[in-house]
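Structure record follows, encoded as structure tokens.
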Amino acid sequence: MKIAALISGGVDSAVAVHRLVEQGHDVHLFYIRIGRDDGTNDCSADEDIEMCSLIAARYGLPLEVVPLHDEYWEHVMRYALDTVSRGLTPNPDMMCNLIIKFGYFEERWGHEFDLTATGHYASTEIDADGNKWLTTAVDPVKDQTDFLGRITYPQLKHVIFPIGDLPKAEVREIAKATRMPNAMRKDSQGICFLGKINYNDFIRRHLGERPGPIVELETGKILGQHRGFWFHTIGQRKGLGLSGGPWYVVKKDVENNVIYVSGGYDTEKQYGRHLHIAETRFITLDPWKDLDCDNVPISFKNRHMPEFIPGTLTRLGADGEYVISSDRKVQGIAPGQFAVIYDKNAHRCLGSGVITGQNLN
């Protein structure tokens with residue numbers, strides 16, 4: 001089978017390539033270059049490309065570096081900045097997968113191949129009716145289906161995840177056993193488009209600073225000053241510069257540039273049980289399309305974490321609007337983030353919706 005393999009220079013995509021070669025596929029490697037050369041993005045692309053070249057040479061495979069700088073800036077970075085400037089919390093990794101990796105890449109290069117492979121920790125399965133589903137990885141800590149919860153069904157049909165059935169430790173062991181040049185390379189951290197740039201420096205460069213008060217929600221007392229509401233997100237604890245904590249960001253007044261915090265390790269103000277979501281999209285199909293979608297058992301994530309939270313899903317009258325009711329308290333429900341919906345067994349990733357922040361508690 002002729003397969004386009006997206007490779008990053010990291011150990012996960014390298015082991016994915018190794019498995020594809022072992023299976024006898026005709027593999028072509030692609031590195032998507034998204035860093036800009038104008039100072040707006042300090043991506044470590046040269047180092048990554050060098051590592052990709054070593055992997056390509058190791059297996060005798062062709063490697064093509066494909067530039068998607070402008071598309072990335074226009075559709076992912078601008079989305080992130082626009083979302084942050086409105087006081088919301090973006091998820092650029094989800095948008096990168098939807099628009100860049102499985103969007104522009106597929107349209108221009110990937111469609112020429114039978115399948116596209118990535119090093120994501122995720123899996124797929126085919127049901128009795130021939131429908132393909134996105135399913136969770138064997139390793140729950142490394143599972144990345146929450147970053148894929150926005151992709152479309154045509155995109156899912158054309159992708160495979162060669163390491164989704166492996167725990168991370170085994171991926172490392174394969175890399176060591178086969179003497180991969182990046183076997184001991186550290187995993188990348190942080191947001192996909194920032195490279196080595198500090199997140200706050202990136203935000204400051206594009207949105208500047210706008211000092212305002214940090215206020216204790218319960219008392220109205222001004223505890224300190226922030227440099228702009230866009231540097232903070234709901235549920236944040238670190239980086240507030242306040243004494244006598246811990247303090248958690250529990251509310252933002254965007255119009256008046258006020259950050260509200262609540263104190264204590266277990267303050268109730270950082271929790272909620274209901275998430276109102278809009279723009280909900282199901283990847284394969286809506287399992288409850290023909291049912292009265294009231295209190296359907298599901299599991300979900302409201303941010304990237306190992307745990308799947310049990311709850312129920314209720315469809316509202318408006319198109320794409322649902323309420324997720326959690327079985328337990330949820331920390332840091334941040335408007336703008338995506339709630340990723342799974343079946344009750346946390347096996348199939350069904351889709352996602354944007355958390356609106358509408359108060360349902």
Side-chain angles (χ1 to χ4, degrees), residues 79-93 146 189-191 194 197-278 300-307 309 311 321 323-340 353-361:
Y79 147 78
L81 289 170
D82 176 66
T83 302
V84 168
S85 70
R86 292 185 287 119
L88 306 174
T89 302
N91 192 322
D93 293 289
D146 51 326
Q189 301 292 327
I191 299 172
L194 291 184
I197 295 179
N198 175 272
Y199 176 77
N200 282 346
D201 290 343
F202 169 78
I203 296 298
R204 184 177 293 106
R205 177 185 296 166
H206 294 283
L207 299 181
E209 295 186 355
R210 184 186 170 194
I214 301 176
V215 176
E216 184 175 17
L217 182 66
E218 293 83 355
T219 65
K221 180 181 178 181
I222 297 178
L223 303 177
Q225 189 177 69
H226 63 81
R227 296 181 180 276
F229 65 79
W230 40 75
F231 293 109
H232 304 283
T233 188
I234 302 299
Q236 177 183 337
R237 179 168 70 91
K238 297 180 180 180
L240 292 170
L242 302 177
S243 60
W247 298 96
Y248 291 85
V249 177
V250 294
K251 182 182 176 182
K252 293 194 286 187
D253 181 344
V254 173
E255 184 176 349
N256 295 301
N257 195 30
V258 179
I259 297 293
Y260 290 94
V261 298
S262 187
Y265 280 102
D266 202 34
T267 171
E268 287 295 319
K269 298 296 184 182
Q270 65 171 305
Y271 294 103
R273 284 187 179 270
H274 303 286
L275 295 80
H276 178 266
I277 59 175
F300 71 96
K301 292 184 180 185
N302 67 307
R303 62 183 184 277
H304 184 57
M305 56 186 178
E307 298 83 16
I309 305 172
E321 286 194 54
V323 173
I324 296 174
S325 300
S326 175
D327 290 357
R328 64 172 188 254
K329 295 185 295 184
V330 181
Q331 193 268 344
I333 301 174
Q337 273 283 22
F338 291 92
V340 184
V354 182
I355 300 172
T356 67
Q358 182 175 322
N359 188 7
L360 298 170
N361 295 307

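Any value given below was found using the heavy atoms of this structure, including those in side chains, with hydrogens, waters and symmetry copies removed.
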### Task
Give the intermediate values and the outcome of side chain to side chain contact (heavy atoms under 4.5 Å, CB included) for residues Val261 and Tyr248.
CA-CA 5 Å; Val261 298; Tyr248 291 85; over 6 Å; no
### Minimum heavy-atom distance Glu321-Ala278, with the two atoms named
CG-CB, 4.3 Å
#### Entry: With Ile277, the side-chain contact (heavy atoms from CB on, under 4.5 Å) member among Val354, Asn302, Ile324
Ile324
#### Entry: Modelled atom types, side-chain donor and acceptor of Ser262 and Glu216, under 3.5 Å
no
### Task
Using a 4.5 Å cut-off on heavy atoms from C-beta on, say whether the side chain of Ile222 contacts that of Ile214.
no
### Query
Between NE2 of His226 and CG of Leu242, what distance do you get to the nearest 0.5 Å?
11.0 Å
### Message
My understanding is that only one of Val258, Ile259, Val84 makes a side-chain contact (heavy atoms from CB on, under 4.5 Å) with Phe229; could you say which?
### Response
Ile259
### Query
Between Phe202 and Leu81, what is the shortest heavy-atom contact and its length?
CE2-CD2, 3.7 Å
### Task
Answer yes or no: is there a donor N or O on one side and an acceptor on the other, between the side chain of Tyr79 and the main chain of Asn91, under 3.5 Å?
yes
### Task
Quick one: do Tyr260 and Asp253 satisfy side chain to side chain contact (heavy atoms under 4.5 Å, CB included)? Show the steps, please.
CA-CA 8 Å; Tyr260 290 94; Asp253 181 344; 4.0 Å; yes
### Query
Does Glu307 have any side chain to side chain contact (heavy atoms under 4.5 Å, CB included) partners at least two apart in sequence or in another chain, and if so, which?
Met305, Arg328
## Note on the structure
Closest heavy-atom pair, His232 versus Gly239, reported as atoms and distance to 0.1 Å, is CE1-O, 3.9 Å
### Query
Can you tell me how far the CG atom of Asn200 sits from the CZ atom of Phe231, to the nearest 0.5 Å?
5.5 Å
### Query
Who are the salt bridge (charged side-chain N to carboxylate O under 4.0 Å, His left out) partners of Asp82, not counting sequence neighbours?
Arg86
## Note on the structure
Distance col, row Arg303:CZ vs Ile355:CD1, nearest 0.5 angstrom, shows 10.0 Å
## Note on the structure
In terms of heavy-atom contacts, Pro92 and Ala80 come closest through CB-CB, 4.5 Å
### Message
Is there a side-chain contact between Phe300 and Leu275 in this structure, where contact means two heavy atoms from C-beta onward sitting under 4.5 Å apart?
### Response
yes
### Query
Heavy-atom distance under 4.5 Å between the side chains of Lys329 and Arg273, does that happen here?
yes
### Message
So for atom CZ, which belongs to Arg204, do other residues, nucleotides or ligands contribute more than 12 heavy atoms lying within a distance under 6.0 Å?
### Response
yes
### Query
Is it true that a side-chain atom of Trp230 and a backbone atom of Leu88 form a donor plus acceptor pair closer than 3.5 Å?
no
### Message
Test your reading of the model: is there a side-chain donor-acceptor pair from Asn257 to the backbone of Pro211, 3.5 Å cut-off?
### Response
yes
### Step-by-step side chain to side chain contact (heavy atoms under 4.5 Å, CB included) determination, Val323 to Ser325
CA-CA 6 Å; Val323 173; Ser325 300; 4.0 Å; yes
### Task
State which residues pass side chain to side chain contact (heavy atoms under 4.5 Å, CB included) with Thr233; sequence neighbours excluded, sorted by chain then number.
Thr89, Gln236, Ala334
### Query
If every non-hydrogen atom of Val254 is compared with every non-hydrogen atom of Gly87, which pair is closest and at what distance?
CG2-CA, 3.7 Å
### Query
Passes side chain to side chain contact (heavy atoms under 4.5 Å, CB included), Ile234 versus Val250? Steps please.
CA-CA 5 Å; Ile234 302 299; Val250 294; 5.9 Å; no
### Task
Could you pull out the closest heavy-atom pair between Pro335 and Gly357, with the gap in Å?
CG-CA, 3.6 Å
### Message
For the OG atom of Ser85 and the CD1 atom of Ile203, what is their distance to the nearest 0.5 Å?
### Response
9.0 Å
